[in-house]
Amino acid sequence: MRYKIDTSEIFRKIHNINPGPEQTAAYIEEIRKADMAGDPYAMLRLRSSMAVFVPFYDDATKVLPYCAEFFQIAEEHPEAVAAYDSFTVAREAATLSIILPQIELPVCEKMFGKMEEVAGTLRCGAIRRLHMICTEFYTYIDLQKAQEHYSIFNNEKMGSYSACSACEQQVKVWYTLKKGDARLAHEMANKIFNGKLECHDIPWQTYAVFLEHYMDEGSLDGHESFVKKLMQGGCRDVSDLANAGTVLRCMAAVNIEKGLRLLAQYWRWTVNMWNEQALYFFYKGAWCCCRQANLCGKERTLYPPQGLNVGINTTKFFEEWFYNKAIQAAEKFDRRNGTNFYMDDLGRA
């Protein structure tokens with residue numbers, strides 16, 4: 001088989017473009033050219049790279065059709081498939097399934113299967129990464145199945161294909177908390193709270209997870225430092241929309257005036273947001289703020305982000321509006337997963 005395209009030059013050109021929709025468009029154009037040229041190596045490599053980079057800076061749903069095409073091409077041209085590309089595309093699609101309810105359950109499980117096909121060959125933490133993702137995914141669906149994956153994840157060695165230590169510890173903490181062992185989860189989180197494990201998302205997600213737990217229990221008192229830390233470090237930009245939702249829920253309980261100000265500040269991050277899980281947490285927190293404002297007799301006028309014209313802009317109106325948005329997101333996940341996980345979570349709020 002002859003390779004017709006110099007992909008190294010293509011990648012250099014693409015990555016010189018500012019990350020975002022413009023870079024995504026460049027990927028799509030180069031994939032079109034590779035398809036026209038009939039070079040299966042380039043067709044696969046470009047799709048693999050797109051699956052990795054686009055979700056960092058653009059709407060991740062754009063990569064899903066190309067992930068599906070990757071495996072179609074791989075079946076037709078097995079000689080052109082690199083094991084690490086196959087694992088990478090399946091990993092990215094499987095990870096997205098946690099935050100995108102439109103990926104049907106059979107498709108999610110097919111991606112897990114694709115990862116498993118090559119994980120044993122790759123080693124280097126690939127098996128560990130597979131079972132880490134499955135632990136998180138199945139915690140929403142079946143705790144027994146999640147436990148089976150967790151046991152393997154917890155015992156496999158780390159390597160170049162495993163996640164960072166901070167993210168791995170966060171999944172362990174989150175799973176243990178969802179399993180109902182808050183004491184053990186807090187012990188496991190001490191490495192994170194003590195600053196021994198951190199990355200772009202950690203410890204912020206860990207603070208958010210525990211704050212949601214405390215609010216579910218009605219025991220938020222005494223954890224103001226968690227709220228303060230999450231506000232100061234974990235609500236930086238649109239990628240932290242879920243954390244912002246948790247902060248709003250906290251502010252509804254402790255400082256509704258500040259909560260309403262933060263709602264106005266964070267709301268713009270929902271514009272064109274594709275992450276359904278993050279939107280769910282934001283809508284839940286925003287609903288709590290509006291509800292509390294109305295209960296306290298502090299009904300206000302809200303100013304939605306540009307492009308959202310609903311006619312009535314009061315907290316009384318948006319209490320129902322945010323609640324309905326949260327329900328819509330929750331029902332999408334629960335319908336896909338065949339459970340009542342998200343609706344139960346909303347009920348606790």
Side-chain angles (χ1 to χ4, degrees), residues 51 54-64 67 91-105 107-109 111-112 132-143 146 163 167 170-171 173-175 177-178 199-202 204-213 215-216 230 234-250 266-288 322-349:
V54 166
F56 277 107
Y57 306 106
D58 197 8
D59 179 349
T61 58
K62 294 177 181 178
V63 310
L64 297 179
C67 290
R91 180 195 67 204
E92 295 305 313
T95 301
L96 288 174
S97 69
I98 296 170
I99 59 177
L100 295 175
Q102 59 265 49
I103 307 179
E104 296 297 329
L105 191 57
V107 176
C108 300
E109 294 184 323
M111 292 302 102
F112 300 145
M132 171 187 161
I133 295 171
C134 288
T135 296
E136 186 172 1
F137 182 82
Y138 282 110
T139 298
Y140 294 102
I141 299 172
D142 183 340
L143 277 177
C167 288
Q170 163 65 16
V171 169
V173 168
W174 178 81
Y175 165 73
L177 198 57
K178 293 304 177 185
C199 66
H200 179 270
D201 295 321
I202 311 301
W204 320 119
Q205 288 182 358
T206 317
Y207 289 131
V209 162
F210 275 98
L211 286 170
E212 290 284 346
H213 171 73
M215 286 185 284
D216 287 348
L230 185 59
C235 296
R236 298 154 292 189
D237 54 39
V238 65
S239 67
D240 291 326
L241 182 64
N243 293 344
T246 296
V247 165
L248 292 180
R249 188 181 173 196
C250 291
Y266 298 144
W267 200 349
R268 69 184 188 278
W269 292 347
T270 64
V271 177
N272 297 323
M273 168 51 75
W274 51 269
N275 184 328
E276 291 274 0
Q277 188 182 67
L279 284 169
Y280 165 76
F281 278 101
F282 177 83
Y283 290 141
K284 180 174 71 169
W287 162 57
C288 290
F322 282 126
Y323 182 62
N324 287 335
K325 287 287 189 180
I327 285 180
Q328 289 170 17
E331 287 181 337
K332 287 179 187 177
F333 280 106
D334 285 345
R335 188 163 50 246
R336 190 276 304 274
N337 295 339
T339 67
N340 207 40
F341 185 100
Y342 279 89
M343 285 303 293
D344 286 345
D345 179 78
L346 188 59
R348 287 190 293 271

Work out which heavy atom in Met132 is nearest to a heavy atom in Cys167; give both atom names and the distance. CE-O, 3.9 Å

Go through Leu211 and Arg249 one step at a time and tell me if the side chain to side chain contact (heavy atoms under 4.5 Å, CB included) criterion holds. CA-CA 9 Å; Leu211 286 170; Arg249 188 181 173 196; over 6 Å; no

Using 0.5 Å steps for rounding, measure from the NZ atom of Lys178 to the OG1 atom of Thr135. 15.0 Å

The reported gap from SG in Cys108 to CD1 in Ile141 (rounded to nearest 0.5 angstrom) is 7.5 Å

Do you know which of Trp267, Trp287, Trp269 makes side-chain contact (heavy atoms from CB on, under 4.5 Å) with Phe282? Trp267

According to the interplanar angle, ranging from 0 to 90°, do the rings of His213 and Phe210 count as parallel (below 30°), tilted (30 to 60°) or perpendicular (above 60°)? perpendicular

Within a 6.0 Å radius of atom OH on Tyr323, are there more than 12 heavy atoms belonging to other residues, nucleotides or ligands? no

Can you confirm whether Trp204 sits close enough to Asp240 that some side-chain heavy atom of one is under 4.5 Å from a side-chain heavy atom of the other? no

Hey, is Lys284 close enough to Glu212 for a salt bridge, meaning N to O under 4.0 Å? yes

Can you check side chain to side chain contact (heavy atoms under 4.5 Å, CB included) on Ser239 and His200, steps first, answer last? CA-CA 10 Å; Ser239 67; His200 179 270; 4.0 Å; yes

Show the nearest heavy-atom pair for residues Phe112 and Ala94, with the distance to one decimal. CE2-CB, 3.5 Å

Could you measure the distance from the OH atom of Tyr207 to the CD1 atom of Ile202? Nearest 0.5 Å is fine. 11.0 Å

Compare every heavy atom of Trp274 with every heavy atom of Pro55, then report the nearest pair and how far apart it is. O-CZ2, 4.0 Å

Verdict with reasoning, Asn272 to Asp59, per side chain to side chain contact (heavy atoms under 4.5 Å, CB included): CA-CA 8 Å; Asn272 297 323; Asp59 179 349; over 6 Å; no

Side chain of Asn243, backbone of Cys235: donor and acceptor closer than 3.5 Å? no

Within this structure, what is the SG-CD distance for the pair Cys199 and Gln170, rounded to the nearest 0.5 Å? 9.0 Å

Between Asp334 (side chain) and Met343 (backbone), is there a donor-acceptor pair under 3.5 Å? yes

In Å, rounded to the nearest 0.5 Å, how long is the span from CD of Gln277 to CG of Leu241? 11.0 Å

I want to check something: taking the side chain as every heavy atom from C-beta on, are Lys325 and Leu279 in contact at a cut-off of under 4.5 Å? no

Taking all non-hydrogen atoms of both residues into account, name the closest pair between Ala51 and Glu92 and its distance. O-CG, 3.5 Å

Considering all heavy atoms, the nearest Arg336-Pro101 contact: CG-O, 3.3 Å

Determine whether Tyr283 and Gln328 satisfy the following criterion, side chain to side chain contact (heavy atoms under 4.5 Å, CB included), listing intermediate values before the conclusion. CA-CA 10 Å; Tyr283 290 141; Gln328 289 170 17; over 6 Å; no

Is there a side-chain contact between Val171 and Thr139 in this structure, where contact means two heavy atoms from C-beta onward sitting under 4.5 Å apart? no

Which of these passes ring-ring contact (aromatic ring centres under 6.0 Å, His included) with Phe341: Tyr138, Tyr140, Phe137, Phe333? Tyr140

From CD (Gln102) to CG (Leu64), nearest 0.5 Å: 7.0 Å

If you measure only the distance, is there a donor-acceptor pair under 3.5 Å linking the side chains of Tyr280 and Asp345? yes

